[in-house]
Chemist: 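Have a look at the structure that comes next, please.
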Amino acid sequence: MRWTRSLITTLRDDPQEAEIASHKLMLRAGMLRKVGGGLYSFTPLGLRALRKVEKIVREEMDAAGALEILLPALQPIELWETSGRASQMGASMFRLKDRADRTMVLGPTHEEVVTDYMLHEINSYRQLPVIVYQIQTKFRDEIRPRFGLMRAKEFIMKDAYSFDTSLDAADASYKAMYDAYVRIFRRCGLEAHPVEADTGTIGGNHSHEFMVLAPSGEDGILHCAKCGYSANQERAERRTAGSRYTTKAGSPEEVATPGAHSVDEAAASMGVPSTQIVKSLVYLADGKPVLAIVEGNTEVNECKLRRFLGCSILVPADIETAEKAVGAPFGSIGPVGVKIPVYADIGLKGARDVCVGANKDGFHLRHVSIEDDIKAEWADIATVVEGDSCPHCGEPLSIERGIEVGHVFKLGTKYTEKFKATYLDDKGVPQTLVMGCYGIGVTRTVQAVVEQSHDDDGIIWPASVAPYHVDLLLLDPNSPEVVKAAEELESALEAQGIDVLLDDRAERPGVKFKDADLIGFPFRVVAGAKALAKGCFEVRARGDKESALMPVGDTAAWISARIKEKLAGA
RNA sequence: CGGGGAGUAGCGCAGUCUGGUAGCGCGUUUGGUUCGGGACCAAAAGGUCGCGGGUUCGAAUCCCACCUCCCCGACCA
């Protein structure tokens with residue numbers, strides 16, 4: 001491909017809209033163009049990288065025995081009513097009406113459609129297990145699209161679904177997908193770490209996310225250097241010795257704390273550390289009020305609380321609802337004597353001398369014992385932070401930021417029960433299918449590669465996802481000898497399956513060098529009259545400081561060997 | 001949805017306070033000189049100043065409403 005025919009336009013300045021490196025670089029390198037908030041066009045250059053990631057995903061899915069299918073993005077709402085997710089996905093699902101006034105949905109994911117498909121397709125245990133996958137556009141009406149492809153309203157996802165006869169059998173499918181994911185991300189040149197994760201609105205009982213470590217990542221990941229425990233902050237657990245206020249100091253007594261509503265205000269007003277204050281928060285679990293209590297210096301983790309309660313929607317109660325549920329003014333709510341269920345974080349275990357809201361404006365209670373004075377159920381519901389103890393080995397946990405590029409779920413029978421998707425076992429008895437689902441954000445993966453692999457000059461593509469492997473830079477586009485030698489090299493490389501971009505622009509060398517670094521070709525070959533007079537090209541790998549002179553006749557073989565090494569070794 | 005910021009040429013920005021019909025750099029086109037890390041000279045194309053009202057002799061600029069984009073947040077009491 002010739003540069004002058006390729007529609008590649010690079011930008012010298014960072015577009016004002018972009019915040020993080022990968023987003024800036026993809027715009028500057030001319031891979032993406034913005035259409036609107038969370039909506040992007042792929043240019044020919046950008047699409048080449050996207051297609052390469054897709055190709056790797058396809059190869060590994062096929063190798064793992066999954067079958068490629070294609071499901072409609074436009075779906076009838078009825079399927080979502082069957083699963084019960086029509087309300088649960090709520091505002092994040094695009095809805096529209098067709099001409100007959102039927103409500104349709106632009107699929108944010110495809111559990112419903114694929115379960116409906118399998119319900120009709122699978123009759124016998126002899127057909128199982130089966131894994132299907134597709135690479136397709138998903139639509140989500142994100143609260144706030146962000147960072148280019150990282151969180152977009154329309155994006156490309158690989159989604160796979162497994163169907164098995166039993167939970168044990170489903171474990172094998174899960175492992176096959178998990179292992180395929182490890183290979184996919186490695187081949188994309190990504191360092192992606194599997195971590196234990198929350199299942200969110202997808203549901204199920206067990207899941208791992210594949211996280212690319214990057215400071216711009218939207219998720220916190222707790223990691224134990226000693227035993228290897230890794231988990232998303234949404235789900236991470238901790239080991240705790242319980243409260244440090246274990247000595248009973250008397251019976252609960254009211255203390256006037258005028259104007260003190262927050263934990264810090266209450267602590268200051270009563271002259272105690274914030275850890276001795278108990279924070280009380282009212283939530284609505286599927287509409288039912290509950291009270292969650294944690295130590296004053298920790299946060300309630302809504303994902304963990306939701307999972308503990310087994311409810312599908314958990315939201316903080318608004319002021320009015322909270323006051324009505326507890327019968328106390330907002331800002332003084334506490335767990336003593338309330339009529340709604342109370343869930344106490346395990347960090348409060350053994351607490352016999354703590355302070356809580358008195359359910360009376362301007363007052364707190366001190367000398368409260370959780371076990372003696374409150375009817376509460378113990379639960380692990382606090383957000384784990386850096387320095388907390390590993391739940392397995394007790395070592396301090398570290399925290400890093402991560403980009404979620406993949407997520408694998410054990411779903412069990414959550415969807416197949418709702419859809420009555422059954423098969424006949426070897427005794428002719430109907431059984432419910434056991435399901436798993438597995439997603440990779442393909443467009444997000446492309447950007448994650450850039451986020452993880454760049455320098456001040458531009459992108460550093462791994463050979464496996466580079467839009468072109470080689471930038472063949474014509475230093476003297478007007479010299480017939482130089483052009484001829486370059487064209488011969490291009491043909492020789494292309495015959496080896498190497499993607500070459502011939503920079504035939506009438507630009508000064510500096511411009512071409514800068515663009516080569518910005519776009520980030522793994523290799524750059526300079527074809528110029530001076531070197532050619534010595535029978536050589538100049539060859540340089542992206543990131544190397546110096547170029548090497550290489551005899552014209554050896555160049556194609558050397559480069560294609562290097563690239564094939566990288567592709568095989570990745 | 002709440003808070004903050006911003007919409008002026010393809011990209012980055014000035015001009016807005018103090019109204020007088022639009023400018024700079026990069027990029028693009030043409031010609032010339034250059035030619036190893038984003039050259040120089042000359043000429044040129046390109047903008048209903050986000051949209052709609054209003055005030056005014058006159059609005060990018062003042063007033064009112066709206067739209068869009070970016071950032072922070074998600075009722076942690």
Side-chain angles (χ1 to χ4, degrees), chain A residues 7 9-20 23-24 27-30 33-40 90-92 141-148 151 153 216 218 257 259-266 274 277-284 291-302 305 314-323 325-326 328-334 345 356-357 359 361 364 381-383 456-458 473-479 482 503 505-519 524 526-531 538 540 545-547:
Chain A
L7 205 59
T9 320
T10 58
L11 303 175
R12 294 196 180 196
D13 300 315
D14 284 335
Q16 185 254 328
E17 70 186 73
E19 188 75 8
I20 62 173
H23 189 198
K24 288 179 184 170
L27 290 167
R28 281 191 57 207
R33 295 294 176 231
K34 179 162 146 172
V35 175
L39 299 172
Y40 289 85
S92 67
D141 196 355
E142 294 286 348
I143 296 176
R144 181 147 85 92
R146 227 194 295 229
F147 302 152
R151 187 166 291 281
K153 288 189 170 179
S216 58
E218 295 188 275
T257 52
H261 296 303
S262 71
V263 167
D264 287 341
E265 288 162 359
S274 63
I277 308 282
V278 170
K279 190 151 66 177
S280 307
L281 304 166
V282 181
Y283 287 93
L284 293 176
L291 189 69
I293 59 175
V294 295
E295 269 198 327
N297 62 332
T298 60
E299 301 293 330
V300 172
N301 183 321
E302 289 173 19
L305 179 58
L314 181 83
V315 291
D318 58 81
I319 294 179
E320 203 178 316
T321 312
E323 291 186 339
V326 180
F330 210 67
S332 68
I333 289 172
D345 180 63
V356 304
N359 291 326
D361 194 26
H364 280 73
I381 53 171
T383 299
D456 290 345
D457 295 319
L473 195 155
L474 274 180
L475 207 53
D476 305 292
N478 297 320
S479 152
V482 170
D503 190 349
R505 292 176 298 170
E507 289 288 353
R508 292 163 57 87
V511 173
K512 296 185 175 188
F513 292 142
K514 287 286 187 191
D515 278 341
D517 289 344
L518 175 60
I519 292 176
R524 187 185 83 190
V526 177
K530 243 188 279 174
E538 282 173 42
R540 186 197 289 208
K545 289 242 173 342
E546 298 293 330
S547 298

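Letters go in sequence order (proteins before strands), and every chain restarts at 1.
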Chemist: Using only atom types and a distance under 3.5 Å, with no angle test, would you say the side chain of A:Lys512 pairs donor to acceptor with the backbone of A:Asp503?
Modeler: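 Looks like yes, one N/O pair under 3.5 Å.
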Chemist: Whole Å only: how far is the CG atom of A:Leu305 from the P atom of B:C76?
Modeler: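 Rounding to the nearest Å, CG of A:Leu305 and P of B:C76 are 16 Å apart.
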Chemist: Could you check which nucleotide pairs with B:U33 in any of the strands shown, counting Watson-Crick or G-U wobble with both distances under 3.5 Å?
Modeler: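 Paired with B:A39.
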Chemist: Contact class for A:Arg33 vs. all strands (heavy atom < 4.0 Å): base, sugar-phosphate, or nothing?
Modeler: nothing
Chemist: Whole angstrom is fine here: how far is it from CG in A:Leu11 over to P in B:C13?
Modeler: 12 Å
Chemist: Nearest whole angstrom, please: distance from the P of B:C76 to the CG of A:Asp345.
Modeler: 18 Å
Chemist: With sequence neighbours excluded, tell me which residues meet side-chain contact (heavy atoms from CB on, under 4.5 Å) with A:Gln16.
Modeler: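 Per chain and number, A:Gln16 pairs via side-chain contact (heavy atoms from CB on, under 4.5 Å) with no residue.
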Chemist: Using whole Å, what does the distance between atom C1' of nucleotide B:C76 and atom CG of A:Leu291 come to?
Modeler: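 Answer to the nearest Å: 12 Å.
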Chemist: Can any side-chain N or O of A:Asp457 pair as donor or acceptor with the backbone N or O of A:Asp517 at less than 3.5 Å?
Modeler: no
Chemist: Closer to the 5' end of RNA chain B via nearest nucleotide, is it A:Tyr40 or A:Ala260?
Modeler: A:Tyr40
Chemist: Find which nucleotide of RNA chain B each of A:Ser262 and A:Lys34 is nearest to by heavy atoms, and output the residue with the more 5' nucleotide.
Modeler: A:Lys34
Chemist: Please determine if a side-chain N or O atom of A:Lys512 lies less than 4.0 Å away from the OP1 or OP2 oxygen of B:C35.
Modeler: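 Checking B:C35 against A:Lys512, no side-chain N or O comes under 4.0 Å of OP1 or OP2.
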Chemist: For the NZ atom of A:Lys279 and the OG atom of A:Ser262, what is their distance to the nearest 0.5 Å?
Modeler: 9.5 Å
Chemist: Quote, to the nearest angstrom, the C1' distance that separates B:U61 from B:U16.
Modeler: 4 Å
Chemist: Taking atom types as they are modelled, would you say the side chain of A:Glu538 forms a donor-acceptor pair with the base of B:G36 within the 3.5 Å cutoff?
Modeler: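 Indeed, a donor on one side and an acceptor on the other fall under 3.5 Å apart.
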Chemist: Using the C1' atom as the reference point in each nucleotide, state the distance between B:A6 and B:G12 in Å, no decimals.
Modeler: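 Between the two C1' atoms, the distance is 14 Å.
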Chemist: Generate the contact string for nucleotides 22-34 of chain B. Rules: B means base contact, S means sugar-phosphate contact only, - means no protein heavy atom under 4.0 Å.
Modeler: ---BSSS-----B
Chemist: Closest approach of A:Phe330 and A:Ala322, non-hydrogen atoms and distance?
Modeler: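 For A:Phe330 versus A:Ala322, the nearest heavy atoms are CE1-CB, 3.7 Å.
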Chemist: A:Asp517 CG to B:G38 C1': how many Å, rounded?
Modeler: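 For the pair A:Asp517 CG and B:G38 C1', the rounded distance is 11 Å.
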Chemist: Counting only distance, no hydrogens or angles, is the base of B:G12 paired donor-acceptor with the side chain of A:Asp14 under 3.5 Å?
Modeler: no
Chemist: Say you pick atom C1' in B:C26 and the same atom in B:C40; how far apart are they, in whole Å?
Modeler: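 Here B:C26 and B:C40 have their C1' atoms 15 Å from each other.
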Chemist: Suppose you measure atom C1' in B:A43 against the same atom in B:C66; what distance do you get, rounded to whole Å?
Modeler: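 To the nearest whole Å, 43 Å.
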Chemist: Round to the nearest Å and state the distance from A:Glu17 atom CD to B:G5 atom P.
Modeler: 21 Å
Chemist: Shortest non-hydrogen contact from A:Leu518 to A:Leu11?
Modeler: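 Shortest heavy-atom separation between A:Leu518 and A:Leu11 comes out as CD2-O, 4.1 Å.
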Chemist: What's the CG-C1' distance between A:Leu473 and B:G38, to the nearest Å?
Modeler: 13 Å
Chemist: Indicate, with a heavy-atom threshold strictly under 4.0 Å, whether A:Gln16 touches base, sugar-phosphate, or nothing.
Modeler: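 Sugar-phosphate only.
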Chemist: Let me see the working for A:Val482 and A:Leu475 under side-chain contact (heavy atoms from CB on, under 4.5 Å), right down to the final yes or no.
Modeler: CA-CA 8 Å; A:Val482 170; A:Leu475 207 53; 5.8 Å; no
Chemist: Just checking A:Val294: base, sugar-phosphate only, or nothing, at a heavy-atom cut-off of under 4.0 Å?
Modeler: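 Nothing: the residue A:Val294, judged by heavy atoms under 4.0 Å, touches no strand.
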Chemist: In whole Å, measure the gap between the C1' atoms of B:G7 and B:A45 for me.
Modeler: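 25 Å, rounded to whole Å.
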Chemist: State the pairing partner of B:C69; accept Watson-Crick or G-U wobble contacts with both distances under 3.5 Å, and report none otherwise.
Modeler: B:G5
Chemist: Using a strict cut-off of less than 4.0 Å between a Lys/Arg side-chain nitrogen and an Asp/Glu carboxylate oxygen, indicate whether A:Glu538 and A:Arg524 qualify as a salt bridge.
Modeler: no
Chemist: Hunt down the Watson-Crick or G-U wobble partner of B:U55, both distances under 3.5 Å, from any strand shown, or write none.
Modeler: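 Across any shown strand, B:U55 pairs with none.
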Chemist: Of the candidate nucleotides B:C70, B:G38, B:C76, which contains the atom at the shortest distance from the side chain of A:Leu518?
Modeler: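 Selected nucleotide (nearest to the side chain): B:G38.
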Chemist: Quick one, A:Val326 with A:Asn359, criterion side-chain contact (heavy atoms from CB on, under 4.5 Å). Give me CA distance, side-chain angles, the key distance, then yes/no.
Modeler: CA-CA 8 Å; A:Val326 180; A:Asn359 291 326; 3.5 Å; yes
Chemist: Looking only at atom P, what distance separates B:A59 and B:G54, rounded to whole Å?
Modeler: 12 Å
Chemist: Taking the same atom, P, in B:A60 and in B:G52, what whole-Å distance lies between them?
Modeler: 13 Å
Chemist: Confirm from the modelled atom types if A:Arg28 and B:G38 form a donor-acceptor pair under 3.5 Å, side chain to base only.
Modeler: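 Yes.
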Chemist: What verdict does the side-chain contact (heavy atoms from CB on, under 4.5 Å) test give for A:Asn301 and A:Ile381, after you've listed the backbone C-alpha separation in whole Å, the side-chain angles of each residue and the deciding distance to 0.1 Å?
Modeler: CA-CA 6 Å; A:Asn301 183 321; A:Ile381 53 171; 5.8 Å; no
Chemist: Indicate the atoms forming the closest heavy-atom contact of A:Phe147 with A:Ser216, along with that distance.
Modeler: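 Closest pair (atom of A:Phe147, atom of A:Ser216, distance): CE1-O, 3.9 Å.
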Chemist: How far does the P atom of B:C11 sit from the matching atom of B:A74, given to the nearest Å?
Modeler: 33 Å
Chemist: Polar atom pairs between nucleotides 72-75 of chain B and protein, under 3.5 Å, N or O only, would you list them?
Modeler:
| unit_1 | atom_1 | unit_2 | atom_2 | d |
| --- | --- | --- | --- | --- |
| B:C72 | OP2 | A:Arg144 | NH1 | 2.8 |
| B:C72 | OP2 | A:Arg144 | NH2 | 2.2 |

Chemist: How many Å lie between CD on A:Glu546 and P on B:G37, as a whole number?
Modeler: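 Nearest whole value for this atom pair: 13 Å.
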Chemist: Side chain of A:Tyr283, heavy atoms from C-beta onward: which of B:G38, B:G37, B:C76 has the nearest atom to it?
Modeler: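 Ranking B:G38, B:G37, B:C76 by closest atom to the A:Tyr283 side chain puts B:C76 first.
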Chemist: Give me the atom names and distance for the closest heavy-atom approach of A:Leu314 to A:Glu302.
Modeler: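 What the structure gives for the nearest pair is CD2-O, 3.4 Å.
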Chemist: Have a look at A:Arg540 and say if it touches a base, only the backbone sugar-phosphate, or nothing, with a 4.0 Å heavy-atom cut-off.
Modeler: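 Base: the residue A:Arg540, judged by heavy atoms under 4.0 Å, touches a nucleobase.
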Chemist: Whom does B:G12 pair with, Watson-Crick or G-U wobble, provided both distances fall under 3.5 Å?
Modeler: B:C24
